[in-house]
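Reviewing the structure listed below.
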Amino acid sequence: MDSSTMSQTLDSTTAATINAALEGTEAKRNAITARNVDVYYGEKQALNKINLDIPEREVTALIGPSGCGKSTFLRCLNRMNDVIESCRVEGEILFDGEDIYNTDLDPVLLRARVGMVFQKPNPFPKSIYENVAYGPKLHGIAENKAELDEIVEKSLRRASIWNEVKDRLDTPGTGLSGGQQQRLCIARAIAINPEVILMDEPCSALDPIATAKIEELIDELRERYTIAIVTHSMQQAARVSQKTAFFHLGELVEVGDTDQVFTNPVDGRTQGYITGRFG
Ligand code: ADP
Ligand code: MG
């Protein structure tokens, strides 16, 4: 059979994989796929038919004006909206090929695999060590103290904060600077072996130097983790992400390679936003 017939018989993912192999580029698997996602708060619809793939081991930035549904969408990805009583999610969110809203998977376990870092650093009122050890203890990840020590050190190293805290592990996490607290929170997320890390404006409470450190860290983390980050800073989206999704009034207006979205947006609304005509 000729190649055009063959590609018709393959599903699009397989075809993309084969094409990428032929072109010598690596096809990215999607860690998460959102299909026709609608979200309501009571009667009010906050998201309308969102379709978005989040590729594995890349940074996907969610941008758009305040109130357009970025945080709402991010919270769908690990069922954080479950805790908001008026909130209803429809459509499918596939993680590892499984619909996270239609499965036996315990949301607590889901949130370990799809971790979250919030806008305001929120370390527990415990020591630095205990902040990182908490999750592994809860999930029974470490067999003994030595293993736990190792996980704590490794997580703090991966979050680029080990050198700053290694001599004060038993002091309160809340005593660190804002930027250090945020890296501690990232270490806490990493400690339970997530596959995906969701970040909702993780730098908006930080000064420019602390922000630069987190951005550098995000770039390192994508070697191992899939990252979805909400940011109101277009410069940040352009610096840290490979893929950008532009939301506007509850709709996903445009999604593409970050370079394309910022240099050659397809939709007039994206163009208007990135050139600062509204926001
Ligand atoms: P963004 O993160 O882009 O600023 P949000 O996802 O926070 O936007 O909000 C999207 C819409 O949903 C807004 O109209 C907001 O008022 C509404 N919304 C968000 N959270 C809640 C909530 N807990 N209860 C009711 N409405 C909410
Ligand atoms: Mg938000």
Side-chain angles (χ1 to χ4, degrees), residues 32-54 59-93 100-101 107 110-111 114-122 178 181-182 185-186 189 196-206 210-211 214-215 218 227-241 243-256 258 261-262 265 267-279:
I32 298 183
T33 294
R35 283 201 195 130
N36 294 320
V37 171
D38 289 323
V39 180
Y40 300 84
Y41 293 104
E43 296 289 289
K44 188 173 167 286
Q45 186 163 8
L47 288 175
N48 189 2
K49 293 275 171 293
I50 306 299
N51 285 286
L52 179 62
D53 291 330
I54 304 205
V59 180
T60 298
L62 313 179
I63 64 167
S66 178
C68 67
K70 305 178 296 294
S71 296
T72 298
F73 180 72
L74 201 70
R75 289 195 301 261
C76 287
L77 306 182
N78 68 350
R79 297 190 54 171
M80 287 292 283
N81 287 322
D82 287 17
V83 301
I84 303 173
E85 207 178 320
S86 68
C87 188
R88 192 170 92 246
V89 177
E90 290 175 2
E92 287 181 332
I93 308 261
I100 62 169
Y101 284 90
L110 172 68
R111 289 177 202 134
V114 183
M116 193 147 189
V117 174
F118 298 88
Q119 193 163 343
K120 200 169 165 302
N122 59 348
Q181 288 187 25
Q182 199 57 306
C185 292
I186 292 171
V196 180
I197 306 176
L198 310 176
M199 301 184 174
D200 195 347
E201 308 207 18
C203 303
S204 64
L206 306 180
T211 296
I214 300 274
E215 289 183 1
I218 290 171
I227 295 172
I229 179 174
V230 169
T231 174
H232 64 257
S233 157
M234 285 179 279
Q235 290 80 0
Q236 178 164 81
R239 282 192 299 261
V240 303
S241 73
K243 182 169 181 170
T244 294
F246 171 64
F247 287 74
H248 184 238
L249 298 174
E251 283 182 35
L252 175 56
V253 168
E254 177 160 358
V255 55
T258 295
V261 172
F262 283 102
D267 194 286
R269 290 166 290 179
T270 318
Q271 172 95 31
Y273 183 68
I274 64 171
T275 56
R277 269 187 277 134
F278 67 89

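All ligand and atom numbering here is 1-based and tracks the order in the structure. Predicted model, so just to flag it, every value in this text is computed and none were measured.
- A distance of 10.0 Å separates CD1 in Ile93 from CG in Leu110, rounded to the nearest 0.5 Å.
- Counting backbone and side-chain atoms alike, Ser71 contributes an N/O/S atom closer than 2.8 Å to the Mg ion (ligand 2).
- In summary, the side chains of Arg75 and Asn81 do present a donor paired with an acceptor at a separation below 3.5 Å, with no hydrogens or angles considered.
- Atom OG of residue Ser204 and atom CD of residue Gln182 lie 8.5 Å apart, to the nearest 0.5 angstrom.
- Of the candidates Gly64, Ala46, Ser71, Ser71 brings a heavy atom nearest to atom 7 (O) of ligand 1.
- Summarising the geometry, atom OG1 belonging to Thr211 is positioned 7.0 Å from atom CD belonging to Gln236; distances are rounded to the nearest 0.5 Å.
- Between atom CD1 of residue Ile229 and atom CD1 of residue Ile218 there is a gap of 4.0 Å, rounded to the nearest 0.5 Å.
- Nearest heavy atoms, Val89 versus Val37: CG1-CG1, 4.3 Å.
- At a 3.5 angstrom cut-off on N or O pairs, Ser86 does not count as close to ligand 1.
- With Phe73 as the partner, the side-chain contact (heavy atoms from CB on, under 4.5 Å) test is satisfied by one option alone out of Leu47, Val230, Leu252: Leu47.
- For atom 14 (O) of ligand 1, the nearest non-hydrogen atom of the protein is Lys44 NZ, 2.8 Å.
- Among protein heavy atoms, atom 1 (P) of ligand 1 sits closest to Gly67 N, 3.5 Å.
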With side chain to side chain contact (heavy atoms under 4.5 Å, CB included) as the test, would you mind laying out the steps for Tyr273 and Glu254 before giving the verdict? CA-CA 12 Å; Tyr273 183 68; Glu254 177 160 358; over 6 Å; no
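- What sits closest to atom 8 (O) of ligand 1 on the protein, heavy atoms only, is Gly69 N, 3.2 Å.
- Close approach of ligand 1 to Arg75 is summarised as follows: ligand atoms under 4.0 Å from at least one heavy atom of the residue are 20 (N).
- At the top of the distance list for atom 12 (O) of ligand 1, counting protein heavy atoms only, stands Tyr41 CE1, 3.3 Å.
- Every atom of ligand 1 is numbered from 1 in the order shown, and the set under 4.0 Å from a heavy atom of Ser66 is 4 (O).
- Less than 4.0 angstrom separates some heavy atom of Thr72 from each of these atoms of ligand 1: 5 (P), 6 (O), 9 (O), 10 (C).
- If you number the atoms of ligand 1 from 1 as listed, the ones under 4.0 Å from a heavy atom of Ile84 come out as 23 (N).
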